[in-house]
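Scroll down for the structure; my scribbles are underneath it.
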There are 2 protein chains.
Amino acid sequence: MAADDGKKKISESTIQRLSLYYRVLSILEKENIKTISSKELAKHEKLTPAQVRKDLSFFGSFGTRGLGYPVTELKNRIATILGLDREWKVAMVGVGNIGSALVGYKEFQRHGFSINMIFDNDQRKIGSNHKGILVSDIANLKEGLRENNIDIVIIAVPATVAQYIVDDIVEAGVSGILNFAPINLKVPENVILRNENMSMELEHISFSLVNRESITATKE
Amino acid sequence: MAADDGKKKISESTIQRLSLYYRVLSILEKENIKTISSKELAKHEKLTPAQVRKDLSFFGSFGTRGLGYPVTELKNRIATILGLDREWKVAMVGVGNIGSALVGYKEFQRHGFSINMIFDNDQRKIGSNHKGILVSDIANLKEGLRENNIDIVIIAVPATVAQYIVDDIVEAGVSGILNFAPINLKVPENVILRNENMSMELEHISFSLVNRESITATKE
DNA sequence: CGGACTATGTGAATTCATTCACAAGTTACT
DNA sequence: AGTAACTTGTGAATGAATTCACATAGTCCG
Ligand SMILES: NC(=O)c1ccc[n+]([C@@H]2O[C@H](COP(=O)([O-])OP(=O)(O)OC[C@H]3O[C@@H](n4cnc5c(N)ncnc54)[C@H](O)[C@@H]3O)[C@@H](O)[C@H]2O)c1
Ligand SMILES: NC(=O)c1ccc[n+]([C@@H]2O[C@H](COP(=O)([O-])OP(=O)(O)OC[C@H]3O[C@@H](n4cnc5c(N)ncnc54)[C@H](O)[C@@H]3O)[C@@H](O)[C@H]2O)c1
């Protein structure tokens, strides 16, 4: 009854898809749609109905045969699974181009991620306000993270200093890190580290274009 | 000799890993390291040596037994595979928080992605300069893309308008799109569309944190 | 120059993820 | 109540990606 705290291992891709389902369900809820079938849900994200059902089945059975899934309930259920039913305290390190874009990003707030600390080493920025948040000196990183019980840190500093920053973050006891610097960071295995690598996506596109061309080339 | 234009299908993840290899090799090259083994290369990105060799083997054999891979040559070889040996013309649509952060991102330039057009619909922005690029009126999107032979468009507008923009982009004949709006866009299947979804990564972290807790709980 | 050592490249084995296919539950309509 | 139409939930089958394991080929040093 209480979340099927099963031991089965959930695949990376299932987790990613749960995020997608959550996004779609939020929209459907706003449109006042009450139920949705796996078929419809799949169509929204270009997946197969079987995949949707399989993904959900890892966590229990939320649907009604013959009818589909109750939108709001399923959305809330996924929120619980993903941990979006609580507030996560997030700190941003480095408030340059990308850091400041992210600080004000509404979507994070909406999903329960509340950025309420910012660190930088630039004297001109320290003490100033970014979207209502005071920029702290990077020298106070460890105490700051500890005192404010920060759960997750976003790294938006140059790649050259990212590892030093991460070491401090880990020492401060934070165990969730989202890294935007294009470098592979080393963390103890009890720390969750994810990387956001935008070049990678662009390179995926160029790869696909080049490969597609060899097909189109014969055509034009 | 000329690229083993083989017919075998390359997996998504292999392509992603090629980006990682490229990144590591660039660094090694700068450090003046001449050769590297699959074992070392794997260590840099927390992969297995077998995986590295398998990935590379899809495209030919670049290594020397007993020695490893020649850094510069392999880097260039991967650049060719990924299409980084040419200049890609990129346009940005929407120059708000995230759009303007990306416009100046050096890493893109370095990998051959040159953002040289910007479109927006905000009268205050149109005509102004962003990092040396003139902001064009979104009304001129289609002609602009065509006239400048844009290869790839980055979408950084609100989710609500993203689909309309994409339709125009597709009509203009662009076939590579990188989308930052949190919505699933529909494109014809000859168009390469990739999505950058930052909430997804954060949600992956929160999922992992929640799940890790239930393990650590029994353990400590 | 020869032998010990190192590391690649790749089929085969294995592990992991997706899709199939259908029994079983629910609705909706007559 | 009976039945036709849906749709879930899930083992079994298929398909894909990773890892294993080793023959093969080169290095490097004395
Ligand atoms: N700009 C982008 O669009 C973009 C996109 C993806 C990834 N990234 C990556 O994100 C990181 C930041 O990029 P950016 O463009 O915002 O750079 P930026 O130079 O605009 O910002 C970096 C910020 O980090 C601060 N900083 C530098 N060293 C620091 C230290 N030791 N401690 C604390 N703060 C420090 C700087 O003062 C600055 O505010 C880089 O690693 C970059 O590769 C940037
Ligand atoms: N801010 C972030 O950190 C962040 C992160 C990830 C994804 N995103 C997504 O990127 C998109 C942009 O986010 P943002 O924070 O930069 O928003 P923003 O409001 O700062 O910028 C949006 C820009 O798009 C322009 N715009 C609006 N409608 C347009 C139209 N019809 N044609 C052309 N231009 C138009 C606006 O004038 C503005 O300059 C959103 O979809 C958002 O969800 C933002």
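Note: hydrogens, waters and symmetry copies are ignored here, and every other heavy atom, side chains too, is used. Each chain gets a letter, A, B and so on, in the order the sequences are listed, and its residues count up from 1. These numbers come from a predicted model, not from an experiment.
Annotation: B/Phe62, atom CZ; neighbour count of heavy atoms from other residues, nucleotides and ligands within 6.0 Å is above 12. Surrounding CD of A/Glu73 are at most 12 heavy atoms belonging to other residues, nucleotides or ligands under 6.0 Å away.
As rounded to whole Å, 10 Å separates atom P of D/dA17 from atom CD1 of B/Ile15. What separates NZ of B/Lys39 from C1' of C/dT6 is a distance of 9 Å, to the nearest Å. When rounded to the nearest whole Å, the span between CG of B/Leu74 and C1' of C/dA7 equals 14 Å. The nearest whole Å value for the distance from the NZ atom in B/Lys46 to the P atom in D/dT19 is 14 Å.
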Are any protein N/O atoms closer than 3.5 Å to N/O atoms in nucleotides 16-21 of chain C? If there are, list each pair with its distance.
| unit_1 | atom_1 | unit_2 | atom_2 | d |
| --- | --- | --- | --- | --- |
| C/dT18 | OP1 | A/Arg17 | NH1 | 3.1 |
| C/dT18 | OP2 | A/Arg17 | NH2 | 2.9 |
| C/dT18 | OP2 | A/Gln51 | NE2 | 3.3 |
| C/dT18 | O5' | A/Gln51 | NE2 | 3.4 |
| C/dT19 | OP2 | A/Thr48 | OG1 | 3.2 |
| C/dA21 | N6 | A/Arg53 | NH2 | 3.3 |

Polar pairs (N or O, both sides) under 3.5 Å between protein and nucleotides 23-30 of chain D?
| unit_1 | atom_1 | unit_2 | atom_2 | d |
| --- | --- | --- | --- | --- |
| D/dT24 | O2 | B/Arg65 | NH1 | 2.5 |

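One finds no side-chain N or O of A/Tyr69 lying less than 4.0 angstrom from the OP1 or OP2 phosphate oxygen of D/dC6.
Checking side-chain atoms of B/Ser206 against main-chain N and O of A/Leu82 turns up a donor-acceptor pair under 3.5 Å.
Between B/Val170 and B/Pro188 the shortest side-chain heavy-atom distance falls below 4.5 Å.
Ionic pairing of B/Glu45 and B/Arg17 is not present here: no N-O contact between side-chain nitrogen and carboxylate oxygen is shorter than 4.0 angstrom. Using a 4.0 Å cut-off between charged nitrogen and carboxylate oxygen, A/Glu12 and A/Arg194 count as a salt-bridge pair.
Between A/Phe113 and A/Phe108, the angle of the ring planes goes over 60°, which puts this pair in the perpendicular group of the 30/60° scheme.
If you take CD on B/Glu201 and CG on A/Asn195, they are separated by 8.0 Å, rounding to the nearest 0.5 Å.
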